[in-house]
Amino acid sequence: MKHISFLLFMSLATAQADVRLPSIFSDHAVLKKSAAVPVWGWAEPGEKVEVKLGNASANAVTDQDGKWKLQLDLSKEGPGPFDLMVQGKNERKVSDVLLGEVWVCAGQSNMEMKLIQTRAKDVAAAAKNPLLRHFKVLKNSADASAEDVTGKWFLADAAGARDFTATGYYFGEAVQKALGQPVGLINLSWGGSVPESWTSPDALSRDAEMVARAGDLRIEAHPAGKAPFLNKIPSGLFHGMLSPVLPYAITGAIWYQGESSARPGLSPLYRKSLQTMVKDWRERWQSGDFPFYLCQLPNFQAKSNNPAQTGGWTELREAQTKFLETPNTGMAVLIDVGEAKGLHPLNKKDPGERLARIALAKTYGRDVVYSGPVFESSKVEEGKIRVRFSHADDGLKAMPLPDSYAPKATEPDKIAPLVRNSPESEIEGFAICGTDGKWAWASAKIDGPTDVLVWSPEVPQPVEVRYAWGENPTCNLANASGLPGAPFRTDNFPGLAKPRHSAPETEPEP
């Protein structure tokens, strides 16, 4: 028995001294094709470690804490596949490694939603793209930064694609096909999470509003007599899921989140929350201002006849728009693909492909239309308001509306009426007001390649205009590529919605 115990002890000691890699450096991985790709791991203190891939190699010496780190120049290597060889006192081999583009796919349940959970079950079953791969970081909330995560790389084939983030799958598929290069997706998502969960304590401590917000979240995350909401604990997911994969070389990040942050009166703080998180990520990845592209919240909840309607989702969309002041960011507008009763819309193809358009245009310099019409300016002209848009892309157009948008006598408050104050009206979703601040639905007509004229007999002297402003607006402005117009308002009326300080219900799984 003593002999067996001694052998077991020696076996454990040897295993701990063996050169090791984080789980993200595992078979089928995609590494960024770059001149400085970090590779790190653990070994016995003082042990020399050599890493090779193709013709690239680098050395490091393990520090006193048993950690080593080096950088490989992979800029001159082809796409692969390669074996990543790690040599210390023992040897580790990572097989079938590709070089290409690597994107983080982060957020809450609409990013977490799997391809098999959408309308695209047939797409998952037919998937056959070995150049598109996915690493799902399993859920973990921690009080301090974890050493490693649990996860595996999977190929986009019939067996693996089903569990891809659906939004990420369509994004990655479009980017991979356009570039002809391997694409790896790192899935960092947890339903119901908020930006503060993914942000380091140090970053949250630098701003008084963020300190207060984190304090409120800690209270909400630990309700009396109930299990804690691990997805809402400030910095919990940063420690448990994000920090362990730093500084794995990435191209950029896509983000689908906001539902759990959309609270009336509090949504405007979201811009700062997201800016704080992105700044933190960029500092810790040490890759400069890498691209960060987000999904704007889609339309959701019942239709309303009230032209002055607002709410948490409406205000959060505006906060997301204002976030675009942050360098190297972009936003996919989804105001046309949501579901009135569905917190988790089944259409993830449009979100993913619209994000891909942004990446192809802004990151890779492709000649791709990546945005629908965006408000540029407005002016009053003889009782009407002329609204000018950028990103008109060869002209504005009115998208057809489904018959279900027509008013129903049995449910007059659930369906927004089609505004036909004039036979000339083409565009739905505009509202205007005069100096009294009373909003009225407006008729709207395309007038030239970039302009829309907006008017209403109820407002003979208009001063302000809104478009697609509401939780689930009826709207149909687009450009020639069919990309939807972004919601906006020209007014800055305060107190849009009353704050709700009670904790929201935990978000159901998709």
Side-chain angles (χ1 to χ4, degrees), residues 299 302-311 314 317-318 333 335-336 338 340 372-409 411-480 482-493 496:
N299 49 309
K303 294 282 185 182
S304 173
N305 279 326
N306 179 7
Q309 188 208 35
T310 190
T314 309
R317 288 188 203 111
E318 182 177 55
V333 173
I335 200 65
D336 59 331
V374 174
F375 172 79
E376 186 174 279
S377 64
S378 66
K379 64 178 180 178
V380 177
E381 294 182 357
E382 299 178 350
K384 299 179 180 180
I385 296 183
R386 177 177 295 275
V387 183
R388 178 154 295 170
F389 293 89
S390 59
H391 297 283
D393 176 41
D394 295 329
L396 304 173
K397 71 175 183 179
M399 297 295 288
L401 289 167
D403 293 338
S404 60
Y405 274 50
K408 298 179 181 179
E411 297 179 310
D413 296 327
K414 293 187 177 180
I415 304 294
L418 299 182
V419 181
R420 297 301 184 202
N421 294 327
S422 165
E424 297 178 287
S425 185
E426 308 176 83
I427 305 295
E428 302 297 332
F430 281 95
I432 58 176
C433 76
T435 55
D436 59 2
K438 295 181 179 179
W439 293 94
W441 294 118
S443 295
K445 177 185 178 181
I446 296 170
D447 189 55
T450 62
D451 294 4
V452 173
L453 282 177
V454 185
W455 73 97
S456 170
E458 297 179 42
V459 187
Q461 295 180 315
V463 295
E464 305 288 358
V465 59
R466 292 176 176 176
Y467 173 73
W469 190 265
E471 304 293 81
N472 188 359
T474 300
C475 52
N476 65 333
L477 179 66
N479 59 18
L483 296 177
F488 75 89
R489 62 176 178 137
T490 61
D491 66 280
N492 60 354
F493 298 161
L496 290 174

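- With contacts defined as side-chain heavy-atom distances shorter than 4.5 Å, the pair R386/D447 qualifies.
- Side-chain contact between P307 and I432 is absent, with no heavy atoms from C-beta onward closer than 4.5 Å.
- The two residues I335 and A468 have their closest heavy-atom pair at CG1-CB, 4.3 Å.
- Interatomic distance, CH2 of W455 versus CZ of F430, reported as 11.0 Å (0.5 Å rounding).
- Screening V387, L477, L453, V454 for a side chain to side chain contact (heavy atoms under 4.5 Å, CB included) involving I427 leaves a single residue, L477.
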Is there a side chain to side chain contact (heavy atoms under 4.5 Å, CB included) between W469 and R317? Walk through the geometry before answering. CA-CA 9 Å; W469 190 265; R317 288 188 203 111; over 6 Å; no

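- With rounding to the nearest 0.5 Å, the separation of CD in E428 from OG1 in T474 is 7.5 Å.
- Taking OG1 of T310 as the reference point, atom CZ of F493 lies at 12.5 Å (rounded to 0.5 Å).
- Note: F389 and F375 have perpendicular aromatic rings, judged against thresholds of 30 and 60 degrees for the angle between ring planes.
- Nearest approach of I446 to A398, heavy atoms of both residues: CD1-N, 4.0 Å.
- Taking each heavy atom of A440 and S456 in turn, the nearest pair found is CB-OG, 4.2 Å.
- The shortest non-hydrogen separation linking D393 to A480 is O-CB, 3.0 Å.
- When all heavy atoms are compared, the tightest approach of T314 to G470 is OG1-C, 3.0 Å.
- Rounded to the nearest 0.5 angstrom, K303 NZ and Q309 CD are separated by 10.0 Å.
- Proximity of D336 to C475: side-chain heavy atoms (C-beta onward) are nowhere separated by under 4.5 Å.
- In terms of modelled atom types and a separation under 3.5 Å, the side chain of N299 and the main chain of P473 share no donor-acceptor contact.
- A distance of 15.0 Å separates NZ of K379 from OG1 of T490, quoted to the nearest 0.5 Å.
- Note that the CE atom of M399 and the CG atom of N479 stand 9.5 Å from one another [nearest 0.5 Å].
- Between V465 and F488 there is a side-chain heavy-atom pair separated by less than 4.5 Å.
- Between S304 and W441, the closest heavy-atom pair is O-CZ2, 3.9 Å.
- Using a 4.0 Å cut-off between a side-chain N of Lys or Arg and a carboxylate O of Asp or Glu, R489 and D491 qualify as a salt bridge.
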